[in-house]
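Only heavy atoms go into these numbers, but all of them, side chains included; no hydrogens, no water, no symmetry mates. Not measured: the values here are computed from a predicted model.
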Amino acid sequence: AASSLYRIWLDYDGPPPRAPRTLIAKLASDNSATCEVMDLLGAYERELRFYADLASQAELRTARCYCALRSPGLGTFVLLLEDLVGETGIDSLDSLELALCELARMHARHWNSQALAACEWLERSPAQRETLSGLLGNATQRVTRRFGHVLPPTFARVLELASGQLECFATRERRRAYTLVHGDLHPGNVLRGPNGLTFIDWQTVDIGSPGRDLARLVAMSLPPMPRLGQERRLVAIYHGALRENGVRDYSLRSCFQDY
């Protein structure tokens with residue numbers, strides 16, 4: 001696991017009318033190799049800085065953060081977060097549609113925002129880009145070795161080309177539209193609870209194409225054949241929510257291309 005999670009039970013000297021009874025403590029991974037990679041990627045710092053600097057502006061529900069501390073250079077950190085009630089995952093088309101509308105609200109809030117440039121921690125350093133490229137190359141080799149006999153030749157070629165073009169993709173995806181993106185928005189990072197949907201695990205928060213979050217959430221929420229029959233409608237729902245939240249210079253065609 002990229003991080004270690006613990007539930008903390010709290011006792012108070014007096015009656016705590018509004019204080020939490022439990023918290024979730026999120027710490028660095030207890031696997032030294034994982035911890036080193038996450039630190040090289042700046043993943044721990046990204047999540048801490050998101051909660052400190054951007055969570056209040058996200059325009060979607062996130063866990064309340066009570067403490068965010070990090071030891072620079074040591075790869076250690078602590079997050080004390082609200083202990084949320086609910087179930088993870090997208091369990092229906094209705095919940096997926098709701099998640100897309102919530103996502104669109106966040107994307108619209110930061111659409112082509114120059115203010116994101118002031119968040120220097122969102123920009124990946126050359127060392128981080130090199131680490132990401134290496135991880136993608138290694139993952140591509142493992143996938144090809146394991147599944148190469150069933151992969152269509154065109155798909156295998158795309159994997160091969162993509163592993164060496166990460167920097168090119170990062171540059172191109174900002175040419176049409178960019179925003180604040182979660183970066184790893186699969187159903188396991190969406191919590192369904194009594195107060196609606198909550199989005200968790202912000203270690204991959206980034207500046208990028210809105211299509212990155214849109215595609216990952218839709219693709220990971222539906223099997224291929226049902227997705228094929230629903231994806232244009234779902235992209236249109238997301239695009240409509242963007243327009244409702246003030247994005248007017250982004251066509252449905254562009255949205256589907258980015259998806």
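For Glu82 and Arg61, the salt-bridge test passes: some basic side-chain N is under 4.0 Å from an acidic carboxylate O. In this structure, Glu97 pairs ionically with Arg233, as a charged nitrogen and a carboxylate oxygen lie closer than 4.0 Å. Classification of Asp249 and Arg243 as a salt-bridged pair fails, no side-chain N sitting under 4.0 Å from a carboxylate O. Contact check on Arg212 versus Asp258 returns no salt bridge, with no Lys/Arg side-chain nitrogen under 4.0 Å from an Asp/Glu carboxylate oxygen.
Of all heavy-atom pairs between Pro187 and Leu217, the closest is N-CD1, 4.4 Å. Across every non-hydrogen atom of Arg70 and Asp39, the tightest pair is NH2-OD1, 3.4 Å. Considering every non-hydrogen atom in both His182 and Asn189, the closest pair reads CE1-ND2, 3.7 Å. Taking all atoms of both residues into account, the shortest heavy-atom contact from Ser209 to Val181 is O-CG1, 3.4 Å.
Looking at heavy atoms from C-beta onward, Leu79 lies out of side-chain contact with Cys67 at the 4.5 angstrom threshold. Residues Val190 and Thr198 have side chains not in contact (no heavy-atom distance under 4.5 Å, counting atoms from C-beta outward).
The six-membered or imidazole ring of Tyr178 lies away from that of Trp111, with a centre-to-centre distance of 6.0 Å or more.
One N or O on the side chain of Ser29 and one on the backbone of Ala1 form a donor-acceptor pair closer than 3.5 Å. The closest donor-acceptor contact from the side chain of Glu47 to the backbone of Trp202 lies under 3.5 Å. The backbone N or O of Leu122 lies less than 3.5 Å from a partner atom in the side chain of Arg46, making a donor-acceptor pair. In this structure, the side chain of Ser133 does not engage the main chain of Arg129 through any donor-acceptor pair within 3.5 Å. The backbone N or O of Gly208 sits nowhere less than 3.5 Å from a side-chain atom of Asp206 that would complete a donor-acceptor pair. When atom types are taken as modelled, the side chain of Arg7 and the backbone of Ile24 share no donor-acceptor pair closer than 3.5 angstrom. Thr144 places no side-chain N or O within donor-acceptor distance of the main-chain N or O of Gln141, the cut-off being under 3.5 Å. The main-chain N or O of Gly89 is found under 3.5 Å from a side-chain atom of Arg192 such that the two form a donor-acceptor pair. The closest donor-acceptor contact from the side chain of Arg105 to the backbone of Glu59 lies under 3.5 Å. Between the side chain of His107 and the main chain of Thr179, no donor-acceptor pair closer than 3.5 Å is present.
More than 12 heavy-atom neighbours from other residues, nucleotides or ligands sit within 6.0 angstrom of CD on Gln57. Surrounding CD of Glu130 are at most 12 heavy atoms belonging to other residues, nucleotides or ligands under 6.0 Å away.
Side-chain contact of Thr22 with Asp83: a donor-acceptor pair under 3.5 Å is present, judged by distance alone. Checked by atom type, the side-chain pair Tyr44/Gln203 shows no donor-acceptor distance below 3.5 Å.
Remark: Arg232 qualifies as a cation-pi partner of Phe256 under the 6.0 Å distance and 45° angle criteria applied to the six-membered ring.
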